[in-house]
Amino acid sequence: MHDVINHLINTVFGLGWPGWAISLIAYLLIATILFMIVPFQMLFLTYFERRAIARMQDRVGPNRVGPEGIFQPVADGVKMFTKEDIVPDAADKWVHLIGPGIVVAPTMFMFAVLPWGPGMVPFDMNIGLLFFFAISSVSAVGLMASGWASNNKFALLGAMRAVAQMVSYEIPAVLSLLAIVLVTGSLSIVDLITFQSGLFISSSDVPGIPDFGLGWFVFTPVGFLAFIAFFIAALAEGERTPFDIPEADSEIVAGYMTEYSGMKFGLFYLAQYVLNFLLCAITAIIFFGGWQGPGVGWLYAQAITPANPAGNGLFNVLAGVLGVFYFLAKTYFFFFVMVWVRGAYARLRIDQLMDFGWKLLIPLTLVNVVSAAIWVGLTKWGAADGLAFVEGWAPLMRWAVAFVITLVMNLVAYFFLVRVYSQSQDERARLDDEVLERLTNVA
Amino acid sequence: MDIQRGNIIVMDRRRGTLRAGQGLLQGLKVVWDHWVGSFRKNDNFSQIHGTFTIEYPDERMKLPQAYRNMPVLLYDDETGQELCTACYQCARACPPEVIHITQAKDPNTGKMVPASLEFIIEYDACMSCGLCAEACPFDAIKMDHFYELSTDNRMGLMQRKADLNRPVSYYTSIAPDLWDEVKEGAMKKLQGSIKRRPDVIGIAGHLSEKIAARRRQLAAEAAASPPAPVAAAPAAPAGKLSPEEKAAKLAAMRAAKAGGAEPAAEAPAPAAELSPADAKAAKLAAIKAANAAKKAAESPAAEVPAAPLDEKAAKLAAIRAANAAKAAAEAPAAPLDEKAAKLAAIRAANAAKKKSE
């Protein structure tokens, strides 16, 4: 974008504007485009979710407003805007007011490092992944603030639950990403995507693999386990069923949103769906190659890039369109999976949620980090790092050995931990029964 | 799936020994099957995958014949004659007592006719039990399938006869088998009632051409047999009193009786002296009655042959009423008497008014 603006202003019109002005215009444009796309994503996602979940429950879903109900979210938005904004008398007015803003803002920040297509990233930060997750946990502050400021027991309970859940599920999420970061050796999201070219085997692991854009991390044992753990953690972070405990409407009305109405309530909704979109997007990016897919790499190689200034501008557009298509297709697929999971599973209890996070996911992701270290050692290290015996092996051989070892490690860890976990759960259930018997004198 | 009563059905839930995480995947599979199946519409409720939704304003469920919502009245398509004979069986059977019937009278003889003059059902309180339709010996009241009854008017659910009338052909369209069962008897009974209905009484009010046809038919019949002794409408025999006259007479008698019986009635009453207000009221009533009668006489009477008769009758009634009132006023009247006299006067005035109209 910067280059295009620069070309347009300084070369075509010859105005000779300074670099900072060009950058300012470029970033403002990008931000504007993103802020226009984001609410529409949210609108579409709500519609998509309602239709999909209705189908799963043998219903039809909203289909009255516009063709097949496509304007239903617009109608909902109009409703939200025209609703009265009620602030409870006993609420902390200012905190109550800025709470939704604090929740929404981080989700918007997260778009700054999200690559949409080849060369289409608003800002390629070298610590993009860290930025993404660091910013995402800021919204917990907003949740807590709005829940507390509402001066309502349900809101406070919901906020407490939300924060507890977010804090405990950040750990497995970040640990599973740590395994990937170990493998790639970079925190830049763009690097993560470029690493995933190839065909089932990353061409960065084994040079000479044909580039079909399918060298996704999910095809490795380390990546697969990390993907499962990360997606579960993402469900919990996005407060999706079965982890929608903070806003469990059958228990605590609407959680931290209880005392909000009108557009403030709408902002929470916006934040939630945008966060879900982002989590689906980051899952697609980290484990499923983001915009990587058959054809994008080849198209982008012909395009104008810093590495290839003599390319053809048409290929920029083609690669962009195809890349964005792949990226959005994967993202929406994961959103569909979220809806699917919501349709299938019941809500967890808060203690079950904590048990699952701390007793199963965190050990599993810790084992996965060790597996990732072994993977890196076997595929990348040499005599200089103290692994002289792998020097002589062919790259494919090294990859295969790493694959088998990490697969065995992860499988053993998975089955062992699941057994331990289920035993502990059985024990807990037995104890609960015992307590119940003692209290009620009914066997 | 055909489930017999008392049979035990063992559902195969494909649940073997579950390995870690397998139950979760099975749950996902179930939901997936439903999602895939939901793009097909189900024909019946034994299918478990697929939508059942009937998109109501666009499409409607086919209702079973015996479905019942609100009662309606039937009339015959050909003659327009209502099946109802105002026998009050439905009104008696109605648990919330929302059926109100007025039976029609022959205007000439004053006798009851097997037809309803007005038939009101308060739909708002009706509980759709269908007991009225069960009770009806003439199959005149039937349960309708129409259910979109909402209204923004409080009285919008008080259905009069004009709102309740439905042709038999409508009922056969919604419940053909049920009508076939009772058709013969109902039509036979209808023929019987038609014979006892004079003039156009019993024909659904909105069927003006049917009413006209019936009138023509009656005229033709009358022309065919000129010395019709039964049709004595224009010239009532002097010996017979018209219903209005009768009513006036009755009122006068009642008033007189009240006046006469007054000493007996007032005996237990502590205050036996005549209050000037009572006497005034009685006089006023008498004057009013007289005025009404006068007015009736003055008004341009529409029915030329009937006018003199009415006038006479009304005058007579008024005079009688006035007399009675006077008598009551002259005697030491208790409030009771005064009331009775007033009532009589009002009745007489009403009768006169009605006649003049």
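Residue numbers begin at 1 in each chain, while the letters A, B, ... track the order of the sequences. Predicted model only: the values in this text are computed from it and were never measured.
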Colleague: Is it true that atom CZ of A:Arg430 has more than 12 heavy atoms of other residues, nucleotides or ligands lying nearer than 6.0 Å?
Modeller: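 More than 12 within 6.0 Å, yes.
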Colleague: For A:Val337, is it the side chain, the backbone, both or neither that has a heavy atom under 4.5 Å from a heavy atom of chain B?
Modeller: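 No part of it gets close to chain B.
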Colleague: Do other residues, nucleotides or ligands put more than 12 heavy atoms under 6.0 Å from A:Phe325 CZ?
Modeller: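 No, CZ of A:Phe325 has 12 or fewer neighbouring heavy atoms, counting only those of other groups under 6.0 Å.
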Colleague: Just to verify, which of B:Val31, B:Val30, B:Val36 counts as forming a side-chain contact (heavy atoms from CB on, under 4.5 Å) with A:Met56?
Modeller: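 Only match with A:Met56 under side-chain contact (heavy atoms from CB on, under 4.5 Å): B:Val31.
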Colleague: State the CD-CZ distance between B:Glu55 and A:Arg64, to the nearest 0.5 angstrom.
Modeller: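 Separation between the atoms: 6.5 Å.
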Colleague: Could you report the tightest heavy-atom contact between A:Ala344 and B:Gly27, atom names first, then the distance?
Modeller: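 Minimum heavy-atom contact is CB-O, 3.9 Å.
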Colleague: Got more than 12 heavy atoms from elsewhere within 6.0 Å of CD, B:Glu184?
Modeller: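 For B:Glu184, atom CD is not crowded (no more than 12 foreign heavy atoms under 6.0 Å).
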Colleague: Would you say the side chain of B:Leu28 lies within less than 4.5 Å of the side chain of A:Tyr345, judging by non-hydrogen atoms?
Modeller: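 SC-SC contact between A:Tyr345 and B:Leu28 confirmed.
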Colleague: Within a radius of less than 6.0 Å around OH of A:Tyr269, do more than 12 heavy atoms belonging to other residues, nucleotides or ligands occur?
Modeller: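 Open.
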Colleague: Would you say NZ of B:Lys189 has more than 12 non-hydrogen atoms from neighbouring residues, nucleotides or ligands within 6.0 angstrom?
Modeller: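 Yes.
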Colleague: By salt bridge (charged side-chain N to carboxylate O under 4.0 Å, His left out), which residues pair with A:Arg347, not counting sequence neighbours?
Modeller: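 Scan of A:Arg347 (salt bridge (charged side-chain N to carboxylate O under 4.0 Å, His left out), adjacent residues dropped) gives A:Asp244, A:Asp249, A:Glu251.
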Colleague: Is the B:Trp35-A:Trp340 ring centre distance short of 6.0 angstrom?
Modeller: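 No.
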Colleague: For B:Arg160, does the CZ atom have more than 12 heavy-atom neighbours from other residues, nucleotides or ligands under 6.0 Å away?
Modeller: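 For B:Arg160, atom CZ is not crowded (no more than 12 foreign heavy atoms under 6.0 Å).
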Colleague: For chain B, which residues from residues 164-180 of chain A lie under 4.5 Å away (heavy-atom distances)?
Modeller: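 Contacts with chain B: none.
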Colleague: If I take atom OG1 from residue B:Thr51 and atom CZ from residue A:Arg59, how far apart are they, to the nearest 0.5 angstrom?
Modeller: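 B:Thr51 OG1 to A:Arg59 CZ: 11.5 Å, rounded to 0.5 Å.
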Colleague: If you draw a 6.0 Å radius around CZ in A:Phe416, do more than 12 non-hydrogen atoms from other residues or ligands fall strictly inside?
Modeller: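 Open.
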Colleague: Looking at B:Glu78, I'd like to know if its CD atom is crowded, meaning that more than 12 non-hydrogen atoms belonging to other residues, nucleotides or ligands lie closer than 6.0 Å.
Modeller: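 For B:Glu78, atom CD is not crowded (no more than 12 foreign heavy atoms under 6.0 Å).
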Colleague: Check this for me, if you would: do B:Lys41 and A:Asp58 make a salt bridge, where the nitrogen-to-carboxylate-oxygen distance has to be below 4.0 angstrom?
Modeller: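 A:Asp58 and B:Lys41: not salt-bridged.
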